[in-house]
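To start, the structure under review is shown below, and the notes come after it.
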Amino acid sequence: MRYSEMFLPTGREVPSDAELISHQLMIRAGLMRKLTSGVYSYLPLGYRVIRKFEQIVREEMNRSGAQELFLPMVQPAELWQESGRWVHYGKELLRFRDRHDRECCLGPTHEEVITDLVRNDIKTYRQLPRNLYQIQTKFRDEIRPRFGVMRCREFGMKDAYSFDMDEAGAEKSYRKMFEAYQRIFTRCGLRFRSVEADSGSIGGSFSHEFMVMADSGEDAVCYCGRCDYAANLEKAEIARPKIEDADIKNLPMEEVHTPNTRTIEEVCRFLNVTPDAVVKTLIFSADGTAVAVLIRGDHEVNEVKVRNFLGCASLELADEEMIRRVTGSPRGFAGAVGIRSRILADYSLIGMNDCVMGANREDYHIRHVKPGRDFRIGDYADLRMIRESDPCPRCGGEIKFARGIEVGHVFKLGTKYSRSMRAVFLDRDGKEKTMVMGCYGIGIGRTVAAAIEQNHDADGIVWPLPLAPYEVIITPVNINEPALSDAAEGLYRTLSEMDVETILDDRDERAGVKFKDADLIGIPYRVTVGPKRLAEGKMEIKNRRTGEITILPVSDVAPFLSTGIREAGKIEG
RNA sequence: CGGGGCGUAGCGCAGUCCGGUAGCGCGCCUGCUUUGGGAGCAGGAUGUCACAGGUUCAAAUCCUGUCGCCCCGACCA
């Protein structure tokens, strides 16, 4: 493509509303523009990158045996009422009425539609298993869209759904997707990690997130330095500690006046104890019912774990009114002694026998509390966040923390949708069975943004070759010199004939401007056509990533680039 | 939704306190010079100062309301 004919508006200024580097560069490099909050247009250059990534996704999905189809974005309310999500899916589900006053929604995901499709047309075990996928626009009315295309409302997603006869088959389908995802992100040249993820109320450990590692990532993950354990922080398990029979104290409870001490730090300072001797009592409202969660003062509660343990749909910290009802005191002084609610305790409370707690009375705490003696704990469970000092739950090795961008999620659904929507089949002996499902997503735009987070420098984007919108940019230093212009045109023609994706920067601009733009948009190879080299019959090839310069005779340039690109493709493929 | 900030030319911003001719840089158009890392000179175009109402002789500026956008907390690809 000739640069002079392209719609490629680049910018020198950093847009004022962009925080993340990927967001800034996607605007500056002319990849996209915002239409309204959380809704973006892709410009030609950006769309080429999207298409490149989609193609890799397609190839690997097809290779895994999945079949591509295309489902509607507008969906009828009835399907969502059947699955129960019309009520349970929150405000992210954009609902509206059509001219006949029929309730509809924009698809935030497609389990309902695909399950409906499959239940109508798959009737026998002979038609199973199947894995169907699409690359479609989703709409989720996010509370707070941010970070450009990273968390937006309208976005492209590859979503796949597997249907199997039984658990064993579903596990096989899951495995295949997991491997396909590994190949996809490897081919893109991204540094990523698959981590165990929360699978919500469906249960099981069959959920993995694919995280592109980046400090700007919204997700925190931990991984073991010794074994291959890796998990989303909210999922990371903590082994039940062994009970050490340390010195068992049996001091009587004592209520102490502790004015102006609401935080753990203040209590510790006042009573001269360490945070691990304090027990925090957090009052949650679980589907409207009060539950007290006890956690050591130096730990943080993991709400996902609490929610999963209770199996409740909603879990939030109780409001002032509920706290008063169960503790009889204002927020900040809750304790387990005498509390009127169910009590859950984190494993770390096991063996504690002399702790400080709120007294359920304003400005008072109790010390020398002994769980079991002074109050009863309903259940012990793993309810806290992992810390960097905790050992690996698998091998006891050292746990490390990192941040990542969730670009993919593989999920075993079980029969959640197939049961509620009656997706059944007849098995070999004529018995009706419920299909076992899995679902598998990849954020298309988000992966592209994540690739930029990981691949940029002070001058702009540094595309991994498989995602680059063009592979080569030819930069004649001065378009008004016929010799330079002709040589550049000649190379452009040769490369195009060799199917090398090339931009010819034929703009009547100064060399500096062209170099800056080439760097900004991140084309992997730049061929500079300048007077000095050309007089010697040579051209200069610069590698965007390494900065390495190769000087070759004119006739060798195209073959060099073509084979270089092909080789790189082979390695990544 | 709760808390904070912003809205002035295509982009980045000043001007707002203290009311009085709407500005700067980049970009854009024309011409000449220049031509290997965002050129120089000369000339030029571009504004519903977010919107609505109010106060005033006079409002970008003061008052009230509305909308939009961004950032921090409840969700997910």
Side-chain angles (χ1 to χ4, degrees), chain A residues 9-20 23-24 27-28 30 33-39 57 89-93 108-110 135-160 181 197-198 200 207 209-212 217-219 232 234 285 303-304 307 314-317 404-411 439-450 458-460 475-481 484-485 507-520 526 528-534 539-540 542 547 549:
Chain A
T10 58
R12 187 198 306 237
E13 310 269 6
V14 176
S16 63
D17 59 355
E19 183 99 335
L20 277 194
H23 185 189
Q24 295 173 358
I27 301 294
R28 289 222 294 137
R33 289 291 182 264
K34 181 171 71 184
L35 177 62
T36 184
S37 179
V39 179
V57 170
Y89 216 109
K91 287 188 178 162
E92 288 190 357
L93 181 65
T109 174
H110 283 73
I135 297 176
Q136 235 276 20
T137 299
K138 307 286 190 230
F139 193 93
R140 293 182 188 172
D141 202 356
E142 286 280 342
I143 301 159
R144 186 153 85 85
R146 59 188 131 168
F147 306 140
V149 90
M150 202 75 91
R151 172 170 301 284
C152 53
R153 297 193 297 167
E154 183 177 313
F155 61 98
M157 176 173 163
K158 187 285 302 176
D159 48 322
Y181 277 35
D198 175 47
S207 175
E209 289 166 340
F210 284 76
M211 297 283 188
V212 168
E218 281 193 273
D219 286 279
N232 192 311
E234 65 181 23
S285 167
E303 291 191 24
V304 171
R307 184 179 298 126
S314 85
L315 182 80
E316 50 196 15
L317 279 170
I405 300 161
E406 184 193 349
V407 291
H409 198 163
V410 292
F411 205 106
C439 71
Y440 318 92
I442 290 179
I444 301 293
R446 184 183 279 186
T447 303
V448 169
D459 293 314
T475 309
V477 151
N478 182 355
I479 207 73
N480 298 312
E481 292 284 342
L484 301 184
S485 179
R507 294 175 299 166
D508 186 10
E509 287 285 354
R510 297 169 65 85
V513 174
K514 298 189 187 187
F515 292 154
K516 289 287 183 192
D517 275 333
D519 288 347
L520 178 61
R526 187 186 80 204
T528 309
V529 184
K532 281 167 241 152
R533 300 290 180 210
L534 195 63
M539 289 177 179
E540 192 178 289
K542 185 167 185 185
I549 289 174

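Each chain gets a letter, A, B and so on, in the order the sequences are listed, and its residues count up from 1. Just so it is clear, the structure is predicted and the values come from calculations on it, not from any experiment.
- In this entry B:G20 has B:C57 as its Watson-Crick or G-U wobble partner, both defining distances falling under 3.5 Å.
- Checking B:C69, B:C75, B:G38 against every side-chain atom of A:Leu520, the shortest atom distance belongs to B:G38.
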Apply side chain to side chain contact (heavy atoms under 4.5 Å, CB included) to the pair A:His110 and A:Lys138, showing each step before the final yes or no. CA-CA 9 Å; A:His110 283 73; A:Lys138 307 286 190 230; 2.7 Å; yes
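- Of the candidate nucleotides B:G37, B:U35, B:A74, B:U35 has the atom lying nearest to any side-chain atom of A:Arg510.
- Across all strands shown, A:Arg146 has heavy atoms under 4.0 Å from sugar-phosphate atoms exclusively, and none from any base.
- Among the atoms of the strands shown, none is found under 4.0 Å from any heavy atom of A:Lys138.
- Straight-line distance from the CG atom of A:Asn480 to the C1' atom of B:A39: 15 Å, rounded to whole Å.
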Which protein N or O atoms sit under 3.5 Å from an N or O of nucleotides 9-16 of chain B?
{"from": "B:G12", "atom 1": "OP1", "to": "A:Ser16", "atom 2": "N", "distance (Å)": "3.1"}
{"from": "B:G12", "atom 1": "OP1", "to": "A:Ser16", "atom 2": "OG", "distance (Å)": "3.1"}
{"from": "B:C13", "atom 1": "OP2", "to": "A:Ser16", "atom 2": "OG", "distance (Å)": "3.4"}

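- Position along RNA chain B of the nearest nucleotide to A:Glu540 versus A:Ile444 favours A:Glu540 as the more 5'-ward residue.
- For A:Asp517, the listed nucleotide lying nearest its side chain is B:G38; candidates were B:G38, B:G37, B:C76.
- Remark: the separation of the C1' atoms in B:U34 and B:C70 is 42 Å, to the nearest Å.
- Among the heavy atoms of the strands lying under 4.0 Å from A:Pro531 is at least one base atom, whether or not backbone atoms are also near.
- Within 4.0 Å of A:Val477, counting heavy atoms only, lies at least one base atom of the nucleic acid.
- Comparing A:Ile442 and A:Thr36 along RNA chain B, the residue whose closest nucleotide (by nearest heavy atom) sits nearer the 5' end is A:Thr36.
- Geometric assessment of A:Arg526 against the ring of A:Phe515 yields a positive cation-pi assignment under the 6.0 Å and 45° thresholds.
- Relative to the side chain of A:Lys34, the nucleotides B:G38, B:U34, B:C70 differ in distance, and B:C70 lies closest.
- Across all strands shown, A:Gly408 has heavy atoms under 4.0 Å from sugar-phosphate atoms exclusively, and none from any base.
- Using a 4.0 Å heavy-atom cutoff across all strands shown, A:Cys152 reaches at least one base atom of the nucleic acid.
- Checked against A:Lys514 for a side chain to side chain contact (heavy atoms under 4.5 Å, CB included), the options A:Thr528, A:Val477, A:Thr475 give a single hit: A:Thr475.
- Two residues are said to be in side-chain contact when any heavy atoms from C-beta on lie closer than 4.5 Å; A:Arg12 and A:Lys516 fail this criterion.
- The base-pairing partner of B:A39, taking Watson-Crick or G-U wobble contacts with both distances under 3.5 Å, is B:U33.
- A:Lys542 comes within 4.0 angstrom of a base, heavy atoms only.
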Should A:Ile442 and A:His409 be marked as a side chain to side chain contact (heavy atoms under 4.5 Å, CB included) after you check the CA-CA gap, both sets of side-chain angles, and the distance that decides it? CA-CA 7 Å; A:Ile442 290 179; A:His409 198 163; over 6 Å; no
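- Side-chain contact check for A:Leu520 versus A:Arg28: some heavy-atom pair is nearer than 4.5 Å.
- Here the side chains of A:Thr137 and A:Met157 are not in contact, with every heavy-atom distance at 4.5 Å or above.
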